[in-house]
Amino acid sequence: MPWKRHHSLLLLLAVVLGIVGWWGASRADEDSGTPPVADARPTARPPRPAASPDEPEPTRTPDGTRAWVPGQQFRYAVDTTQQVTFVASQAGAQVPPGMRFHVQGEWRVGITGARDTGVEARAALLLTDLSVTVEGRDALEPQMRAALTTSLALPIFLTMERTGAVRTVHVEPGLDVLAQGILRSLVASTQFVVAGAPKESWESDEQDATGLYRAAYRRLGAKRFEKSKRGYTHVATSQGLQEVDASKLRLDARTRAVIDVGDDVWPELLEGDEQLGVDAGDGMPKVSHSLHVSLKLLERGRDSTLVGLLDRERSRLTAVPLASFQSAPQDPKEQYRRLLAGKRFDDLVKDLRSLPKDEKERDDARTHALEQLRALFLLEPKEAAKVPGLLHEGMEPLAASPMLGALSAASTPEALSALSKVVDDAAVGVPVRTDAVAALGMAETPSTEGIQALRDLGNDTHPELRDTAALALGNSAFQLRDDDASGADALSRELGTRYRAAKSPEDQALLLRALGNTRDPGALTTLREALASPSVPVRQAAVEALRLVPEAEADRLLASRMLEDPSPDVRKSAVFAASFRALPPLLPTLGTVLQRDTADAVRAAVVGLLGANLGALPQALPLLTWTSQHDTNPNIRQSALGFLGALASAQHP
């Protein structure tokens with residue numbers, strides 16, 4: 001497709017990561033008197049904390065190629081600064097203001113899947129510092145800062161070649177342009193791409209937010225390499241990648257990155273600088289974009305929850321090429337139509353009834369069916385009404401599950417009504433009904449009918465239905481909070497009342513966990529009561545329920561249990577709950593636990609928690625240092641030393 005001049009200004013903005021587009025939109029809101037809406041951001045399930053590492057050493061491959069191990073996670077300290085400046089090409093012409101962006105924190109990259117055809121990964125940014133300045137002045141009002149910080153904290157997923165070249169990014173629907181730009185820039189600027197074992201020099205085709213470029217690598221030492229960009233061959237536009245026409249667009253890229261890798265050929269240290277000049281001629285302003293990025297490996301670890309995670313989340317994410325034009329989102333209905341490719345409900349049911357025998361192929365087919373059914377239920381909501389009758393007649397749980405997941409993901413009134421009918425239908429098998437209960441609890445917009453269906457299972461004779469419904473009610477209360485605070489409060493109170501009426505410790509523990517799912521600060525009264533229970537399982541459930549309650553009182557209660565509870569199981573559960581919370585307020589208590597707790601399992605849990613956060617939490621250093629020298633258990637001392645050694649190696653490679 002030929003180059004279109006009316007795209008020129010938008011192209012310039014796309015070249016600089018869509019940052020200017022975001023600034024222009026925010027300024028337009030300001031000029032119109034409409035404040036930015038802090039809550040206009042994607043909703044995601046809260047990320048689970050990384051598991052304590054059990055594989056600190058690099059994974060070596062026999063042939064010296066890059067190691068791709070599902071479940072493996074790499075924690076890096078990252079610091080990046082980007083600056084964008086504009087120069088008028090004609091005297092007196094107006095240009096956008098200059099901007100500077102600084103991000104510092106922890107960058108976690110974990111492998112979710114590895115196949116012969118490619119690799120899938122999750123990347124997440126844990127911010128410690130964020131600044132956005134325009135013409136030297138802070139550009140982030142409190143609401144805007146909160147919204148941007150929230151967006152940057154959302155994990156993104158990557159699909160890449162086995163060389164390490166990232167091709168596609170999977171993001172939360174509605175993730176704003178600026179957050180996308182910053183995250184995609186981090187992904188692009190930290191790529192290390194090599195086919196096979198590293199040689200003395202090689203070249204590769206890579207992508208970034210600007211387009212497609214040719215990269216050159218050369219060896220500087222045994223495990224040190226230099227990377228540079230030869231130049232861009234294609235640029236990302238609203239029509240996709242287009243060849244660079246030097247007569248109409250000049251891209252001047254000067255880049256250099258020095259990368260140290262480990263035995264697994266994963267980067268351990270990266271220092272990169274880029275300068276990109278853009279000149280579109282014809283009176284357009286010239287753009288200069290500079291980037292500095294620093295990446296230091298803090299630790300290698302394993303997190304079993306990563307394995308297969310993209311396959312499970314893919315249906316609700318938006319996939320975009322790493323090199324793509326960041327503009328207003330496409331009409332979702334058009335995306336749904338393309339995804340369906342002309343299929344109707346009966347076609348999709350037929351696909352589910354004839355799933356492949358091979359496990360991998362079957363899982364892929366189920367995921368694709370879920371995506372297509374969700375698209376159908378959003379395009380034609382009335383189609384959801386066909387599901388209850390179909391499941392009433394009978395369907396294998398493996399085939400029924402994607403259909404139920406699609407109803408939950410669509411979350412339309414018709415879809416939630418269909419789920420409620422499946423939950424109420426005693427003729428449907430218990431495994432399928434249980435799946436429907438869980439799906440109903442995960443719906444983003446809970447309905448009165450759905451909540452009542454969950455409530456009605458409170459006395460069901462099947463324990464799996466009854467227990468799943470209780471936990472789902474807690475989830476529903478959380479999902480209701482933004483749109484119906486009084487309804488959410490009522491559900492929380494109902495769960496508290498049911499806890500007090502429960503006769504067995506098992507039922508009490510279940511209802512406490514359901515109450516924890518609400519994340520309601522009002523639940524603290526009930527949880528405080530439960531912490532005084534003589535039952536160890538009840539107290540364990542109570543401290544675990546505290547993990548997501550956003551109140552300082554929750555920290556105080558957890559600290560009290562860590563220090564005073566007579567059961568090591570409860571004290572260890574309190575350490576687990578602390579892993580979901582900001583750690584600085586709990587550090588004094590964790591230090592006391594390391595010095596005084598008589599249970600090895602509790603102290604080991606604290607060492608694992610502090611070690612996993614050492615890179616972003618320097619206050620933990622003296623606690624681990626003391627433990628490495630004084631703990632009575634040699635294994636715990638060795639574990640603390642391992643974390644300290646990993647930190648020292650990252651800081652002084």
Side-chain angles (χ1 to χ4, degrees), residues 3 7-21 79-87 89 95-96 98-101 103 160 163-167 169 180-194 201-218 220 225-238 240-259 267 270-282 284-295 321-326:
W3 186 269
H7 291 139
S8 54
L9 180 56
L10 289 177
L11 175 59
L12 286 172
L13 306 187
V15 163
V16 291
L17 308 179
I19 287 170
V20 182
D79 192 313
T80 182
T81 301
Q82 300 186 58
Q83 286 188 274
V84 185
T85 57
F86 299 85
V87 177
S89 58
V95 296
M99 290 160 282
R100 180 182 184 274
F101 303 82
V103 171
M160 62 186 82
T163 60
V166 179
R167 296 307 185 212
V169 181
Q180 275 200 54
I182 291 173
L183 294 172
R184 288 164 65 183
S185 174
L186 269 177
V187 170
S189 62
T190 56
Q191 290 180 103
F192 181 73
V193 179
V194 57
S201 64
W202 68 94
E203 294 189 358
S204 64
D205 290 323
E206 302 178 20
Q207 297 182 19
D208 60 13
T210 301
L212 179 66
Y213 62 89
R214 188 71 174 168
Y217 293 80
R218 69 183 182 96
L220 300 179
F225 301 89
E226 179 189 68
K227 173 183 177 180
S228 59
K229 292 180 179 177
R230 292 261 189 232
Y232 285 90
T233 60
H234 294 74
V235 65
T237 75
S238 56
L241 285 175
Q242 296 187 21
E243 286 191 35
V244 174
D245 184 342
S247 67
K248 297 175 181 176
L249 178 71
R250 181 178 175 183
L251 296 174
D252 181 18
R254 291 171 292 161
T255 70
R256 183 177 187 266
V258 176
I259 307 166
L270 183 149
E271 292 286 340
D273 287 284
E274 298 188 9
Q275 293 284 339
L276 176 64
V278 184
D279 184 355
D282 196 22
M284 298 302 301
K286 297 178 181 180
V287 184
S288 176
H289 173 238
S290 67
L291 177 147
H292 173 77
V293 61
S294 174
L295 198 71
L322 181 59
S324 59
F325 183 82
Q326 290 182 260

Open item on the list: Is there a side chain to side chain contact (heavy atoms under 4.5 Å, CB included) between Leu270 and Val258? Walk through the geometry before answering.
Closed with: CA-CA 6 Å; Leu270 183 149; Val258 176; over 6 Å; no
Open item on the list: How long is the straight-line distance from CZ of Arg230 back to CZ of Arg214, given to the nearest 0.5 Å?
Closed with: 9.0 Å
Open item on the list: Taking Ala253's backbone N and O only, do any of them form a donor-acceptor pair with Gln275's side chain (distance below 3.5 Å, no angle check)?
Closed with: no
- [ ] Could you list the residues that satisfy side-chain contact (heavy atoms from CB on, under 4.5 Å) with Glu274, not counting sequence neighbours?
- [x] Ser189, Lys229, Thr255, Leu291
Task: Derivation and outcome, side chain to side chain donor-acceptor pair (under 3.5 Å), residues Gln82 and His289 - done: CA-CA 7 Å; Gln82 300 186 58; His289 173 238; 2.8 Å; yes
Task: Which residues share a salt bridge (charged side-chain N to carboxylate O under 4.0 Å, His left out) with Glu271, sequence neighbours left out - done: none
Task: Phe192 side, atom CZ; Phe225 side, atom CZ - distance, nearest 0.5 Å - done: 5.0 Å
Task: Spatial distance of atom CD (Glu226) from atom CZ (Arg256) [nearest 0.5 Å] - done: 4.0 Å
Task: Distance (rounded to the nearest 0.5 Å) between Glu243 CD and Thr233 OG1 - done: 7.5 Å
TODO: Using distance alone, with no hydrogens and no angle criterion, decide if Asp208 and Tyr232 have a side-chain donor and acceptor under 3.5 Å apart.
DONE: yes
- [ ] Could you tell me the separation between the CZ atom of Phe101 and the OG1 atom of Thr80, rounded to the nearest 0.5 Å?
- [x] 11.5 Å
Open item on the list: Could you check whether Glu206 pairs with Arg167 (Lys NZ or Arg NE/NH1/NH2 to Asp/Glu carboxylate O, under 4.0 Å)?
Closed with: no
Task: Beyond-backbone contact of Asp252 with Leu276, side-chain heavy atoms, under 4.5 angstrom - done: no
Open item on the list: Determine whether Ser204 and Gln191 satisfy the following criterion, side chain to side chain contact (heavy atoms under 4.5 Å, CB included), listing intermediate values before the conclusion.
Closed with: CA-CA 11 Å; Ser204 64; Gln191 290 180 103; over 6 Å; no
Open item on the list: Test your reading of the model: is there a side-chain donor-acceptor pair from Gln83 to the backbone of Ser290, 3.5 Å cut-off?
Closed with: no
